[in-house]
Amino acid sequence: MKQIIFNIKERTEKIQFPDNLGFGKIFTDHVFEMDYTENKGWHNPVIKPLSNLQMHPATMFIHYGQAIFEGLKAYKTVNGEVVMFRPDQHIQRLNISARRICIPEVDNDVLLTALNELINIERDWIPTNQGESLYIRPFIYGNDPFLGVNPANSYKLIILLSPVGAYYPEGFKPVKILAQDDYVRAVRKGLGECKTPANYAASLLAGKKAMKQGYTQVLWLDGVTQRYIEEVGTMNIFINMKDEIVTPKLNGSILPGITRKTVIHLLKEWDMNIVEREITIDEVIEKYDSGDVLGVFGTGTAAVISSVGWLTFKDKEMVINNGEAGELAIKLFDEITSIQYGIKEDAHNWLFTIEKKEVSVS
Ligand code: COI
């Protein structure tokens with residue numbers, strides 16, 4: 001890649017974190033930006049102070065949603081190092097999303113270098129309390145001012161950073177989930193497996209209605225028969241039953257979560273019977289009624305491992321593990337966060353260490 005241009009401003013005020021960071025409310029001082037045009041490819045990489053975007057009202061992604069994003073995290077370890085968790089997997093997934101939405105792919109090394117340089121500069125923004133981290137949001141959007149429906153000719157990639165705590169208002173306590181069949185999030189061969197705004201737009205109304213009834217999130221059923229459970233939209237779902245742990249098989253309409261992949265890897269390593277298969281909501285209810293459901297939990301970068309304490313479908317209310325976090329969910333949470341914070345050895349090479357470098361300010 002062309003050399004990154006550093007247009008860094010000195011920080012004049014001390015960074016002050018609020019008591020409860022929550023999720024996605026505060027942002028660091030700088031962003032990485034890069035442009036794409038057909039004749040130049042990806043060019044003009046720059047790290048610069050965070051500022052509002054200026055764009056033409058006809059900018060294509062605003063009208064037709066040609067945009068993708070990723071969500072990954074950086075941590076300050078107990079040894080004072082700064083690490084990212086599985087950035088290679090996130091970059092790979094960003095490019096899978098890019099191909100599906102006709103967005104030009106970004107070279108893996110270019111993106112890794114950009115992440116490394118930006119996080120190095122913003123390392124003081126990484127909170128160190130338990131459960132806190134620096135959320136990294138790379139995104140790309142179609143940037144031409146044009147009202148015709150076709151892939152854009154020019155794009156912008158931005159990496160935005162946000163110090164975060166727990167995603168859900170409940171913190172890391174069990175959440176209440178509503179399975180419903182009034183709306184669908186995605187269908188097979190559609191966009192469900194991509195990280196693209198359309199999937200989140202599709203989820204808003206059902207989410208709002210669920211929240212009004214006291215639920216945190218919606219458990220989506222498949223878009224065709226509305227019998228098979230798929231995902232929660234902000235996390236993948238696992239049902240821990242007496243003789244197997246089941247997570248819905250990736251079928252094109254489910255996001256291939258990196259935390260999902262990590263959990264499957266760990267469960268296999270622990271010799272547990274993890275099965276990726278189709279599972280209906282009726283089967284979950286049946287297994288619950290026969291006392292076979294030991295726990296339900298979700299996995300995601302933002303959500304980490306989140307126990308589901310209550311799961312409802314129509315008039316069936318299931319209280320899972322007395323509304324308390326399940327043993328397996330706690331074990332997975334501890335294992336993954338211990339690796340992320342450098343408490344446990346990174347035996348799988350999941351961490352990428354951010355090089356410490358001095359960068360001169362302008
Ligand atoms: C993530 O876990 O990174 C997500 O993208 C979920 C959500 C914040 C959109």
Side-chain angles (χ1 to χ4, degrees), residues 21-28 61 65 67-75 84-98 100-101 111 115 119 126 131-141 157-172 175 177 185-186 191-208 210-211 215-220 230-238 247 250 253-264 297-308 329 332-333 336-337 340 350 352:
L21 272 175
F23 183 87
K25 293 185 286 197
I26 55 174
F27 303 96
T28 73
F61 90 92
I68 53 170
F69 69 93
E70 262 305 315
L72 63 159
K73 281 179 172 172
Y75 306 82
M84 286 187 285
F85 188 68
R86 310 197 76 176
D88 52 327
Q89 294 291 316
H90 287 276
I91 293 172
Q92 198 182 329
R93 192 174 63 181
L94 183 79
N95 278 326
I96 292 172
S97 300
R100 178 64 179 85
I101 322 253
L111 209 40
L115 290 165
I119 293 162
I126 305 179
E132 296 178 347
S133 57
L134 185 68
Y135 187 77
I136 309 166
R137 172 55 63 87
F139 60 102
I140 306 178
Y141 58 88
L157 179 156
I158 300 180
I159 306 175
L160 180 68
L161 304 178
S162 173
V164 297
Y167 180 74
Y168 295 120
E170 291 88 337
F172 292 103
V175 291
I177 300 287
R185 168 189 173 272
L191 299 177
E193 65 185 350
C194 299
K195 264 189 119 52
T196 187
N199 291 324
Y200 299 84
S203 76
L204 296 177
L205 182 57
K208 186 174 157 187
M211 259 184 217
Y215 295 94
T216 321
Q217 293 272 313
V218 166
L219 172 60
W220 297 101
E230 296 223 313
E231 59 150 280
V232 176
T234 48
M235 53 187 194
N236 294 110
I237 192 91
F238 287 72
T247 191
L250 299 179
S253 59
I254 296 174
L255 186 86
I258 313 300
T259 313
R260 174 187 184 278
K261 190 171 185 176
T262 302
V263 162
I264 292 173
F297 59 91
T299 64
T301 298
V304 196
I305 305 290
S306 207
S307 284
V308 176
L332 284 162
F333 180 89
I336 294 173
T337 55
Q340 291 167 334
W350 285 337
F352 176 95

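Counting convention: from 1, in listed order, for ligands and their atoms alike. A quick note: this is a predicted structure, and the numbers were derived from the prediction, not measured.
Minimum heavy-atom separation, Ala74 to Ile126: O-CG2, 4.0 Å.
Of the N and O atoms on the side chains of Tyr168 and Thr234, at least one donor lies less than 3.5 Å from an acceptor on the other residue. Side-chain contact check for Ser253 and Glu230: at least one donor-acceptor pair (N or O, by modelled atom type) lies under 3.5 Å. Lys261 and Gln89 share a donor-acceptor pair across their side chains, judged by distance under 3.5 Å alone.
Counting protein heavy atoms only, atom 1 (C) of ligand 1 is closest to Tyr135 OH, 3.4 Å. Looking only at heavy atoms of the protein, atom 9 (C) of ligand 1 is closest to Tyr200 CE2, 3.5 Å. Ranking protein heavy atoms by distance to atom 2 (O) of ligand 1, first place goes to Ala302 N, 2.9 Å. Looking at atom 4 (C) of ligand 1, its nearest protein heavy atom turns out to be Lys195 NZ, 3.4 Å. Here the protein heavy atom with the shortest distance to atom 8 (C) of ligand 1 is Tyr167 CE1, 3.7 Å.
The shortest heavy-atom distance from Met235 to ligand 1 is not under 4.0 Å.
Considering CD1 of Ile136 and CG of Leu115, their distance stands at 6.0 Å, rounded to 0.5 Å.
Per-residue contacts place Phe69 under 4.0 angstrom from the following atoms of ligand 1 (heavy atoms of the residue considered): 5 (O).
In terms of polar-atom proximity, defined here as any N/O pair under 3.5 Å, Thr234 makes no such contact with ligand 1.
The backbone N or O of Phe27 sits nowhere less than 3.5 Å from a side-chain atom of Ser162 that would complete a donor-acceptor pair.
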